[in-house]
Amino acid sequence: MATCTRCGYVLYRQSGLTLRQWTALAVAAVVVFAIANYFPIAVLSIQGISVQATLPHAIWITWQQGHGSVALMTALFAFAFPLGQMLFLFWALRAIVTADLPADFKYGMRMLDALAPWSMLSVLLLAILVAMVKLFDLATVSFGPGLWAFAVAAFLLTALGRVSAQRLWRYAEDAGLVERSGHGLRPGEPYVSCHACGFVQRAPQDERASCRRCGARAHRRLPDSYSRTWAFVFAAAVLYVPANVLPVMVIYTPKGASSHTILSGVIEFWRMGSWDLALIVFVASVVVPLTKLLALAVLMLRHQWRGPVVERQRTRLYELIEFVGQWSMLDVFVVVLLSAMADFPGFSQITAGGGAVAFGAVVILTIFAAMSYDPRLGWDADPEEAGAIPSRALDDVPDRSPILPEATDNKY
């Protein structure tokens, strides 16, 4: 494993799988994902009436109930984006294995890079379990084949998530299919590293110039990082209030309608004796969004502080923000799944509330805020060190081993 000597960020990890093995995993993920969406997640019964709940059915019911925003978020983050990530991975891996990169390879890699942060299959799996536990007192619940398929698909996609777009570009470099990063640079020459493909190249004179390998915008640092991050943080903070005050779901029974906020759902799990699920929902839906907002504000307010120790702490804090970013979408997925699982006309019906829309918007805005923040800005205390390649950086870099290294997305 290789790490950055300044901030400790992991640059490379050795992979024990070959390209063909990664390709096989991508194929398996697509097949299992199709099974997960075709077969029911759960089968629920009340007084002889049975309901077979699937993810597409849940999205369709939510749409029919008039909650298009919640249905669209779930359709994108739990279905379209994970499927797109799998398909683009398979397409890219197959192209590299066959040594036949198509002309639009660079566009496919830019799309893969954009899809990865929004693919939330693991969050969906946890939401399925939470929704099923919530209905144990209402109906007879039995696991369906779709649940086990989603578990396998989530595991496979988590493993495949290690094959980032930048790592695929490095695979292509090692196969001699594209130009090698840093080729042609001279010691002391100003340079930039493309955020999309990792290609190190001569710093362009024009700020609007594009990467000569993948066509993405080539900039040394993210433009307007602080102002854009503050804008997203402020918007998320404003929506955080209605997200917690308004009901995230409304339950209709023969006794009448009852509204539930995020906190009331946590309290209900606690009263049911499911303290573990109460803790999970509380952390994912209350603690994580608030922590992300406060952490981003701390990073922004302390950007004038300098020093290696402080910057390493801020780098670790930023990594934590990125890691927990997706899990706040848990409650939105739970509401959509409950709309299908508890669809018993005359007995019960669950619909999304205004809080679900606001909460989903908070999650999206905080993810955009994290993507807009550039952690490298804090390390730019020494402009000369940040702007040019030292001579030893070019002289001491060996050729890559035939054993392809596993690389993470390098933002530092």
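All figures in this text were calculated on a predicted structure; none of them were measured in a lab. Counting begins at 1 with the first residue of the sequence.
Taking the side chain as every heavy atom from C-beta outward, C214 and C194 approach each other to under 4.5 Å. Residues L115 and M86 form no side-chain contact, since every pair of their non-hydrogen atoms from C-beta on lies 4.5 Å or further apart. Side chains of D174 and R180 form a contact here, defined as non-hydrogen atoms less than 4.5 Å apart. No side-chain heavy atom of F79 sits under 4.5 Å from any side-chain heavy atom of T74. Taking 4.5 Å as the limit, every side-chain heavy atom of D374 sits out of range of all side-chain heavy atoms of Y226. Between R167 and W22 the shortest side-chain heavy-atom distance falls below 4.5 Å. Counting heavy atoms from C-beta outward, V163 and L168 have side chains that approach closer than 4.5 Å. Side-chain contact between I96 and L101 is present, with at least one heavy-atom pair separated by less than 4.5 Å.
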May I have the step-by-step check of side chain to side chain contact (heavy atoms under 4.5 Å, CB included) for L147 and L125, ending in yes or no?
-> CA-CA 8 Å; L147 173 62; L125 177 62; 4.2 Å; yes

Let me see the working for R212 and F199 under side chain to side chain contact (heavy atoms under 4.5 Å, CB included), right down to the final yes or no.
-> CA-CA 9 Å; R212 73 168 187 256; F199 185 68; 3.5 Å; yes

Quick one: do W169 and F105 satisfy ring-ring contact (aromatic ring centres under 6.0 Å, His included)? Show the steps, please.
-> CA-CA 10 Å; W169 278 109; F105 182 81; 5.2 Å; yes

Test V335 against H67 for side chain to side chain contact (heavy atoms under 4.5 Å, CB included), laying out the working first.
-> CA-CA 11 Å; V335 172; H67 302 286; over 6 Å; no

For V332 and V248, what are the C-alpha separation, side-chain angles and deciding distance, and is it a side chain to side chain contact (heavy atoms under 4.5 Å, CB included)?
-> CA-CA 8 Å; V332 177; V248 293; over 6 Å; no

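In this model, a donor atom of one side chain and an acceptor atom of the other lie less than 3.5 Å apart for Q85 and S119. At a cut-off of 3.5 Å, with distance as the only test, no side-chain donor of T229 or S372 sits close to an acceptor on the other residue.
Panel note: side chain S339, backbone T351; no donor-acceptor pair is recorded below 3.5 Å. Here the side chain of S285 pairs no donor or acceptor atom with the backbone of F282 at under 3.5 angstrom. Side chain of Y318 to main chain of A370: a donor-acceptor pair is present (N/O by atom type, distance under 3.5 Å, no hydrogens or angles).
L160 contributes atom CG, which lies 8.0 Å from atom CG of L93 (distance to the nearest 0.5 angstrom). Distance check, rounded to the nearest 0.5 Å: CG of L89 to CG of L157 gives 8.0 Å. Residue E322 holds its CD atom at 10.5 Å from CD1 of I367, rounded to the nearest 0.5 Å. Taking CD1 from I59 and CE from M73, the interatomic distance works out to 11.5 Å, rounded to the nearest 0.5 Å. Between the NE2 atom in H57 and the OG1 atom in T62 there is a gap of 9.5 Å [rounded to 0.5 Å]. To the nearest 0.5 Å, atom OH of residue Y171 and atom OG1 of residue T18 are 8.5 Å apart.
Across all non-hydrogen atoms, the minimal contact from G355 to L246 is N-CB, 3.6 Å. The two residues A149 and I35 have their closest heavy-atom pair at CB-CG2, 4.0 Å. The two residues L239 and A361 come nearest to each other via the heavy atoms CD1-CB, 3.6 Å. Summarising the geometry of A78 relative to L121, their closest heavy-atom pair is O-CD1, 3.9 Å, with the distance given to 0.1 Å. The two residues A196 and R110 come nearest to each other via the heavy atoms CB-CG, 4.5 Å. When all heavy atoms of M132 and A42 are compared, the closest pair comes out as CE-CB, 3.8 Å.
Note: W148 and F143 meet the aromatic proximity criterion, with ring centroids under 6.0 Å apart.
By the 4.0 Å N-to-carboxylate-O rule, D100 lies too far from R94 to be salt-bridged with it. One finds a salt bridge joining E173 and R213 here, because a Lys/Arg side-chain nitrogen approaches an Asp/Glu carboxylate oxygen to under 4.0 Å.
By the side chain to side chain donor-acceptor pair (under 3.5 Å) test, R228 pairs with no residue at all, sequence neighbours left out.
In this structure, F232 and F368 have parallel ring planes: the angle between them is below the 30° cut-off, well short of the 60° mark. Classification of the F77-F81 ring pair by plane angle, with boundaries at 30° and 60°, yields tilted.
Under a cut-off of 6.0 angstrom, the local environment of CH2 in W91 is crowded, with over 12 non-hydrogen atoms contributed by other residues, nucleotides or ligands.
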